[in-house]
J.: 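Take this structure first; my questions come after.
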Amino acid sequence: IGRSVAICTNGTRVLGLGDIGPVASMPVMEGKAVFYQQLAGVSAMPILIDTKDVETFVETVVRIAPGFGGIHLEDISAPECFEIEARLIEELPQPVMHDDVHGTAVVTLAAALVACRHAGLALDQEVVGQIGLGAAGYGIANLMVEAGARRVLASDPNPLSHERASAKGIEITDMQSIMAEADLVVATTGVPGLIEPEMVREGQVILALTNPYPEIEPEDALRAGAAFAADGKSVNNVLGYPGIFRGALLSGAKQINPEMKIAAAEVIADLTAEAELVPDALDPNVHYRVADAVR
């Protein structure tokens, strides 16, 4: 490919532990770099930026960016991550993607497409409910809108997340309304056991993605009447970012747009074995097929 990807983080949020310093992020970034190389043939370098100031972070990335073909943002807390990504997309001539927002959304969309098939549903005819509008939840809800879901509802106790979501066509409501109206429910709240079995409607699809303890155990959701239920063990964004960036680099794209992300999700869904939710994340063929679709 000829140019590598920089994985940039400020280390302020690692595995949900809060502000524990940039050095703690290094193993996460090194692991992502290994997956880039081994699964998609893309050279990647982890770069830890020791600041919590948006302006300093953006300036640092802009100054080092000429040496890289793409910028992968990782483990940057919300809401700063949204401003950082938007600024860098505007200022840089190479593709920029915050993986916690977009990579997670791509793999979740793929899982949702597969889950809908299992349940006999079609995404463009269904109401999607997103519980939690942090970085991952916002990215998922936004991509569901872009992928053509009939309606996308979302809830979050933080009112600061509402305006951003509403601007993208996401309807803000409460969790009870989501459970009453949505055909497909995605939860990314970090709150184990949040969804009570009695909240589940007959025939719903439930993707409770908080790890290691989901908002509702899949077995409990199925016993309560869900047509299909899964937790976050399979929905790993390593299925997305290596192929997405390889495709973007090969195409010479200046941005990673919604069409690229939807194409990646559709390929991941198509490569999923009949009894699974997503394909094997360690199968290089999956990542090269994603790259072809993105390209």
Side-chain angles (χ1 to χ4, degrees), residues 3 5-13 19 22 25 29 32 44 46-109 130 132-147 152 154 156 158-172 188 237 240-241 244-245 247-249 251-265 294:
R3 299 193 74 187
V5 170
I7 309 175
C8 300
T9 179
N10 65 352
T12 60
R13 193 189 64 185
D19 294 351
S25 285
M29 305 304 104
K32 297 240 172 178
I47 297 173
L48 309 185
I49 300 172
D50 190 8
T51 182
K52 296 180 184 180
D53 177 66
V54 168
E55 199 66 40
T56 303
F57 190 99
V58 169
E59 181 183 357
T60 302
V61 176
V62 168
R63 287 182 180 276
I64 66 170
F68 297 96
I71 304 296
H72 169 138
L73 301 174
E74 183 76 27
D75 277 346
I76 303 171
S77 56
E80 291 83 4
C81 64
F82 300 113
E83 181 181 354
I84 286 171
E85 183 184 27
R87 291 271 304 277
L88 290 174
I89 288 173
E90 182 179 350
E91 295 188 33
L92 295 179
Q94 61 264 74
V96 176
M97 188 178 84
H98 186 200
D99 191 42
D100 294 323
V101 178
H102 304 288
T104 302
V106 165
V107 181
T108 303
L109 175 59
Q130 170 62 45
L133 283 171
Y138 169 76
I140 292 166
N142 189 23
L143 192 58
M144 292 289 182
V145 171
E146 292 170 333
V152 179
D156 194 285
N158 182 359
L160 296 177
S161 67
H162 297 174
E163 183 177 356
R164 183 185 309 110
S166 296
K168 295 294 186 178
I170 300 162
E171 301 174 38
I172 301 300
T188 56
N237 55 7
Y241 67 82
I244 291 171
F245 265 100
L249 292 172
S251 68
K254 294 184 178 181
Q255 293 187 6
I256 295 173
N257 61 30
E259 291 78 13
M260 290 174 168
K261 291 180 280 186
I262 293 168
V294 169

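Only this structure's heavy atoms are used, side chains among them; waters, hydrogens and symmetry mates stay out.
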J.: Do the side chains of Phe245 and Ile256 get nearer than 4.5 Å, heavy atoms only?
T.: yes

J.: Taking the side chain as every heavy atom from C-beta outward, state whether Thr108 and Thr188 have any atom pair closer than 4.5 Å.
T.: no

J.: Does a salt bridge link Lys168 with Glu146, judged by any charged N lying under 4.0 Å from a carboxylate O?
T.: no

J.: Of all the heavy-atom pairs spanning Gly69 and Leu249, show the shortest one and how long it is.
T.: O-CD2, 3.3 Å

J.: Which atom pair, heavy atoms only, marks the closest approach of Val294 to Ala248?
T.: CG1-N, 3.8 Å

J.: Is any side-chain heavy atom of Asn257 less than 4.5 Å from a side-chain heavy atom of Met260?
T.: yes

J.: Which heavy-atom pair separates Met144 from Val152 by the least distance, and what is that distance?
T.: CB-CG2, 3.9 Å

J.: Thr9 side chain to Glu74 main-chain N or O, any donor-acceptor pair under 3.5 Å?
T.: yes

J.: As an exercise, state the distance from CG of Leu88 to CG of Leu73, rounded to the nearest 0.5 Å.
T.: 6.0 Å

J.: For the atom pair CD1 (Ile84) and CD1 (Ile71), what is the distance rounded to the nearest 0.5 Å?
T.: 12.5 Å

J.: Please evaluate residues Asn237 and Lys32 with respect to the criterion side-chain contact (heavy atoms from CB on, under 4.5 Å), reporting the C-alpha separation (whole Å), side-chain torsions for both, the decisive distance (0.1 Å), and the verdict.
T.: CA-CA 10 Å; Asn237 55 7; Lys32 297 240 172 178; 3.5 Å; yes

J.: Hey, does the side chain of Thr104 reach the backbone of Val101 with a donor-acceptor pair shorter than 3.5 angstrom?
T.: no

J.: Answer yes or no: is there a side-chain heavy-atom contact under 4.5 Å between Leu143 and Lys261?
T.: yes

J.: Nearest 0.5 angstrom please: Glu55 CD to Thr60 OG1, how far?
T.: 10.0 Å

J.: Does any part of the side chain of Met29, heavy atoms only, come nearer than 4.5 Å to the side chain of Asp75, both counted from C-beta?
T.: yes

J.: Hey, can you pull the donor-acceptor pairs under 3.5 Å for the side chains in residues 132-141, sequence neighbours left out?
T.:
none

J.: Over all heavy atoms of both residues, which pair between Ile172 and Ser166 is shortest? Give the atoms and the distance, please.
T.: CG1-OG, 3.4 Å

J.: Which distance, rounded to the nearest 0.5 Å, do you find between the NZ of Lys254 and the CG of Leu92?
T.: 12.0 Å

J.: So how far is it from His98 NE2 to His72 NE2, rounded to the nearest 0.5 Å?
T.: 7.5 Å

J.: Report yes if some heavy atom in the side chain of His102 is under 4.5 Å from a heavy atom in the side chain of Ile244; otherwise report no.
T.: no

J.: Find out whether Gln130 and Val145 are in side-chain contact, i.e. whether some heavy atom of one side chain is under 4.5 Å from a heavy atom of the other.
T.: no

J.: How far apart are the closest heavy atoms of Leu109 and Ala147, and which atoms are they?
T.: CD2-CB, 3.9 Å

J.: Hey, does Tyr241 have a side-chain heavy atom less than 4.5 Å from the side chain of Val5?
T.: no

J.: Which atom names give the shortest non-hydrogen contact between Ile170 and Ala154, and what distance separates them?
T.: CG2-CB, 3.5 Å

J.: Calculate, to the nearest 0.5 Å, the distance between atoms CD1 and CD belonging to Ile76 and Glu83 respectively.
T.: 11.5 Å

J.: Between the main-chain N or O of Ala65 and the side-chain N or O of Gln94, is there a donor-acceptor pair closer than 3.5 Å?
T.: yes

